[in-house]
Number of protein chains: 2
Amino acid sequence: MLEAAEAVLREEGYAMLTSRRIANRIGVKQQLVFYYFRTMDDLIVSAFRALAKRELERLVGALQSEHPLHEIWSVCINTGDARLIAEFMALAHRNERLRTEVSEHIERMRCIHVEALAGAAKRNKTKKKDLGPAALSPLALSFLATSAALALTRESAIGVAMGHAEIQDLIGQSLAALEPDRPAPKPRSRSRRT
Amino acid sequence: MLEAAEAVLREEGYAMLTSRRIANRIGVKQQLVFYYFRTMDDLIVSAFRALAKRELERLVGALQSEHPLHEIWSVCINTGDARLIAEFMALAHRNERLRTEVSEHIERMRCIHVEALAGAAKRNKTKKKDLGPAALSPLALSFLATSAALALTRESAIGVAMGHAEIQDLIGQSLAALEPDRPAPKPRSRSRRT
DNA sequence: GTCTATACACCGATAGAC
DNA sequence: GTCTATCGGTGTATAGAC
């Protein structure tokens, strides 16, 4: 049922997140939604909690990989699509409980990023001067990287690509500098400049 | 009328952007909305166009100031609040005409940013090595700065501040490096770390 | 231009049978 | 747990008088 809610949110937007549509999607009656969730607000908060839990699990999974920084970036850039995030953000502005959930989730994720970056920096105290733009504090780096990842997915979703290739290259180089035991340097297909 | 629509969008979200609410706000009957705009979709597109025009005018105004880069950053960071942007982004995912308007607006703004940064870089070819993280291509710099500005306002709107002070410092230093004829180096009030 | 009147669909939520 | 029945409210949109 939360899956159905998430699908409606992603595909049709929060204005269409109604008890009837959710019920239809799983083949039950509309009133049953109010048996499991007292109000639509409760449902929304639960749906976000499920999404946040999933994302957190992906992130801790990435931490245990051989190249955690590369994995974390992959999680950021392949995050549940931009539409869903946009819907939850818009909802969070007017739903106090959701707002709290979202901000706590962001802070939790950022803490994990910072720890991973700090760990990589410690393992990497040799020749600091070759890091280039990656020579920032873990906190600043985490913020910039997640901002860029969100902007990349958001703009891709609406058909903007200007500068994306440059940013992908930049991130790739920074990752290689921070986590040098290279995991297959795949050749980059240069997307067109706009 | 477009002002009323924007106010509803900002304050109540796109689900509440109805002909009745807009009409109420300006003291007319609901049906009059459909006299000026054939459908609600038309109204939404017109409302975004008005916002985009306003933003563009602010930006070209900033270009003519004495410290264009500092002014442009000020425009980015004081952009129409995060809620409104979130609503238009969510709408753009399911409204083809709005999607086109939004992506064209983003590209237009980015082009202007790039030109301003390229101009500053040309005026600034002395000692490139002190630029720090600001020694990136104009395109990459523009992308990172706007991403960061959006993330700062978005997170502030929902009560997240982790890392914001660091990023503001970083931007401030980069601006000072790129546009050194200093415009009153105001002392930064250090916000609490979270 | 602005209004009245109106059609018709959908919404959240409750009460109560099975 | 899932259903039927039902409430009052709100939505987009059209037709037509003034």
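No hydrogens, no waters, no symmetry mates; every other heavy atom, side chains included, goes into these values. Reminder, nothing fancy here: chain letters follow the sequence lines and each chain counts from 1.
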Test ring pair (Phe, Tyr, Trp, His ring centres under 6.0 Å) on A:Phe143 and A:His113 and set out the steps.
-> CA-CA 9 Å; A:Phe143 187 94; A:His113 291 173; over 10 Å; no
Over all atoms of both residues, closest heavy-atom pair of A:His164 and A:Val160 |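 What the structure gives for the nearest pair is CE1-O, 3.1 Å.
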Is it true that A:Glu87 and B:Arg94 have a side-chain N and a carboxylate O under 4.0 angstrom from each other?
->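 Looking at B:Arg94 together with A:Glu87, the answer is yes, because their closest N to O distance falls below 4.0 Å.
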Pairing of A:Arg110 and A:Glu107 as salt bridge, 4.0 angstrom limit |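 The answer is no: the pair does not qualify as a salt bridge.
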Check DNA chain C against residues 5-23 of chain B and give the residues with a non-hydrogen atom under 4.0 Å, in numerical order.
->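 Contacts with DNA chain C under 4.0 Å: none.
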Examine distances only and state if a side-chain atom of [X] and a backbone atom of [Y] form a donor-acceptor pair shorter than 3.5 Å.
{"X": "A:Ser174", "Y": "A:Leu170", "result": "yes"}
{"X": "B:Thr79", "Y": "B:Cys76", "result": "no"}
{"X": "A:Asn124", "Y": "A:Ala120", "result": "no"}

[X] has an atom [atom1]; how far is it from atom [atom2] of [N], in whole Å?
{"X": "B:Arg38", "N": "D:dT14", "atom1": "CZ", "atom2": "P", "value": "7 Å"}
{"X": "A:Asn24", "N": "C:dC10", "atom1": "CG", "atom2": "P", "value": "10 Å"}
{"X": "B:Phe34", "N": "C:dC8", "atom1": "CZ", "atom2": "C1'", "value": "14 Å"}
{"X": "B:Asp42", "N": "D:dA13", "atom1": "CG", "atom2": "C1'", "value": "13 Å"}

Results of salt bridge (Lys or Arg N to Asp or Glu O under 4.0 Å) for B:Asp81 - residues two or more places apart only |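 Counting only residues at least two positions away or on another chain, B:Asp81 forms a salt bridge (Lys or Arg N to Asp or Glu O under 4.0 Å) with B:Arg10.
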List every contact pair, protein side and nucleotides 2-5 of chain C side both N or O, where the distance is under 3.5 Å.
from, atom 1, to, atom 2, distance (Å)
C:dT2, OP2, B:Tyr36, OH, 2.6
C:dC3, OP2, B:Lys29, N, 3.1
C:dA5, N6, B:Gln31, NE2, 2.3

